[in-house]
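What follows is a single structure, written as structure tokens, with notes after it.
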Amino acid sequence: MDPLSASATQIRQMIASGERSAEEIARLSLDRARALQPVLNAFVDILDDEALEQARRIDARVHGGETLARLAGVPVLVKDNICVEAGRTTCGSRFLESYRSPFAASVVERLRSAGAVIIAKTNMDEFGMGSSGEHSAFGPTCNPWDTGRVPGGSSSGTAAGVAAGVAPIGLGTDTGGSIRQPASLCGLVGVRPTYGRVSRWGLVAFASSLDQIGPFARTSEDAALALSVISGHDPRDSTSAQIETPNFMTDLERGVEPLVIGVPRQAHSHSNHSSVALALDTAVEVFEGLGARIVEVDLASTDHAIAAYYLVATAEASSNLARFDGVRFGRRGEGATLDELYERSRGEGFGEEVQRRIMLGTHALSAGYADQYYATALKARRVVKEEYERAFVDRGAHAILMPTAPEPAFELGTKTDDPLSMYLEDVYTVGPALAGLPAVSFQGGFASVGEGDRERALPVGLQVIGPALGEGQLLRVVRMFERVTEHHARRPEI
Ligand code: GLN
């Protein structure tokens, strides 16, 4: 079996049994990353030394007859806003173009101690701001299903790399959809964990009350494995929950019974793409066929979630990004006075979208406007949260099923001049983020787009949203779906 199309568990097994060495697999993955880079532009740095050193350590363990850790020898990709001392940590920004982190994030330490081999840092929308992967200082990332289209964002490079078979697992971050939306556009499983489930220590902050790190994988099984490895309390992150970490693999095959799936009355109203409606309706039938009871839930706040999200996220971003002033981190502009130094550094270092967000956020927080904007957004956030609670508690739903994105992957360049239409791509993903809830995007079907030799099959994602700390349940629901469907097994030809 080709190790690069194998699951993480299979790769570990190949290494443990001596069928392949970890070094051999690391080299295959590094070579594939390098070969695809001109086509996909998914990587910021490819980490040969880091990867080969770790792989050799694993091989030494195999020779020493030691038991291997859970991800021993498994290639993984890491989004470039997560600190790793190897290579740079650029956040997709000119500002941090040559920034090297002196330390590794907690999630990276966890991956390493589980034996994972970090292959590359991945391209992303600058500081996580975007839904297409086109707002990177290092150029757009392309979708492996159709390189004329976007992979989604902001975790664009991880999604493209995992979908293209560079690694079975990758890390992204989801502030308002940046794991789930690219997972949907690239045909992957993407997990946004409950806020507090995964440590954010060593993640460059975008909007601290929303940011979460989570895994991408090709199947629920690999996603469950990766999530088990990176979850857990971390005293260095004060928002990390003091709870035990379940092994999400243990119960994965058990399913959920009886299963109640909530479908929002508004599930269809924000998408005009027939493939999305079809995928949702078909999935509902699949779950009914599996014995699930379907209940209608009301998420009327979906209409306001975008506005609330883009106020809260930009307000927090404007304050988080204040640290980039040209004095301590990254790029420094020329200036005779301190003000000039700030102005030039920020003016030259930040891209257009980041500057737009800083201005929006600063305005939303400014004296005289904060009540009108920021405080109102916080109220709307509360309403969103309460609606979800009602769906779980009063309606008894184990999971809420809805589209992840309003459409499949769109063509590169079609939304870059229209920020509002880009923001609307997040209509289904921002609600769970505002509510701090876990959500898992999975491959729900396919859309056929284009004509003649431009005809392509594109993945269409759906998401299940659960109550706080309900990731295990959600992954089991996705696994139930995978067991009776074939979508997740289909891979792009690249
Ligand atoms: N697309 C959303 C935004 O641009 C979400 C980004 C994210 O989750 N990092 O803000």
Side-chain angles (χ1 to χ4, degrees), residues 79-82 91-93 122-136 140-141 150-159 170-186 190-193 195 198 200 203-216 270 305-318 320-321 350-361 364 377 381 403-407 409-410 415-416 418-441 461 463 465:
K79 187 176 180 179
D80 208 28
N81 56 352
I82 299 173
C91 297
S93 181
T122 58
N123 204 357
M124 57 181 282
D125 286 298
E126 187 174 0
F127 288 103
M129 299 175 186
S131 315
S132 69
E134 294 169 293
H135 297 313
S136 164
T141 299
V150 305
S154 62
S155 312
S156 49
T158 299
L171 293 188
T173 58
D174 189 308
T175 303
S178 284
I179 293 174
R180 289 163 289 152
Q181 189 254 11
S184 168
L185 272 47
C186 289
V191 184
R192 174 190 170 87
Y195 187 77
V198 176
R200 292 182 296 120
L203 163 68
V204 181
F206 160 9
S208 309
S209 76
L210 296 156
D211 297 340
Q212 268 294 284
I213 298 174
F216 282 88
H270 299 276
I306 283 275
Y309 168 82
Y310 274 91
L311 283 167
V312 173
T314 55
E316 292 186 22
S318 73
N320 272 327
L321 268 54
F350 291 139
E352 199 183 318
E353 180 59 25
V354 174
Q355 295 195 24
R356 179 181 296 118
R357 303 249 186 146
I358 292 173
M359 286 190 280
L360 258 170
R381 184 175 193 174
T404 306
E407 57 183 331
F410 44 93
K415 292 184 202 288
T416 34
D418 185 358
L420 209 56
S421 75
M422 190 73 92
Y423 299 169
L424 287 171
E425 287 299 306
D426 308 332
V427 62
Y428 293 117
T429 51
V430 292
L434 286 167
L437 298 175
V440 180
S441 182
Q463 60 178 333
I465 302 149

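Note: hydrogens, waters and symmetry copies are ignored here, and every other heavy atom, side chains too, is used. Ligands are counted one by one from 1 in listed order, and the atoms in each one are counted from 1 as well.
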Can you name the ring pair (Phe, Tyr, Trp, His ring centres under 6.0 Å) partners of Tyr423, sequence neighbours left out? Tyr310
Indicate whether any N or O donor in one side chain lies under 3.5 Å from an N or O acceptor in the other, for Ser93 and Glu126. yes
Among side-chain atoms of Glu425 and Ser132, is any donor-acceptor pair under 3.5 angstrom? no
Pairs under 3.5 Å, nitrogen or oxygen of ligand 1 with protein nitrogen or oxygen:
| unit_1 | atom_1 | unit_2 | atom_2 | d |
| --- | --- | --- | --- | --- |
| ligand 1 | 1 (N) | Gly130 | O | 3.0 |
| ligand 1 | 1 (N) | Ser131 | OG | 2.8 |
| ligand 1 | 1 (N) | Asp426 | OD1 | 3.2 |
| ligand 1 | 1 (N) | Asp426 | OD2 | 2.9 |
| ligand 1 | 4 (O) | Gly130 | N | 2.9 |
| ligand 1 | 4 (O) | Tyr310 | OH | 3.3 |
| ligand 1 | 4 (O) | Arg357 | NH1 | 3.3 |
| ligand 1 | 4 (O) | Arg357 | NH2 | 2.8 |
| ligand 1 | 8 (O) | Thr175 | N | 2.7 |
| ligand 1 | 8 (O) | Gly176 | N | 2.7 |
| ligand 1 | 8 (O) | Gly177 | N | 3.3 |
| ligand 1 | 8 (O) | Ser178 | N | 3.0 |
| ligand 1 | 8 (O) | Ser178 | OG | 2.7 |
| ligand 1 | 9 (N) | Gly128 | O | 2.9 |
| ligand 1 | 9 (N) | Ser154 | OG | 3.4 |
| ligand 1 | 9 (N) | Thr175 | OG1 | 3.3 |
| ligand 1 | 9 (N) | Ser178 | OG | 2.7 |
| ligand 1 | 10 (O) | Tyr309 | OH | 2.7 |
| ligand 1 | 10 (O) | Arg357 | NH1 | 2.9 |

Hey, is the main chain of Gly157 close enough, under 3.5 Å, to the side chain of Asn123 for a donor-acceptor pair? no
Among Asp80, Thr158, Leu171, find the one that has a side-chain contact (heavy atoms from CB on, under 4.5 Å) with Thr122. Thr158
Distance, nearest 0.5 Å, that separates CZ of Phe206 from CG of Asp211: 7.0 Å
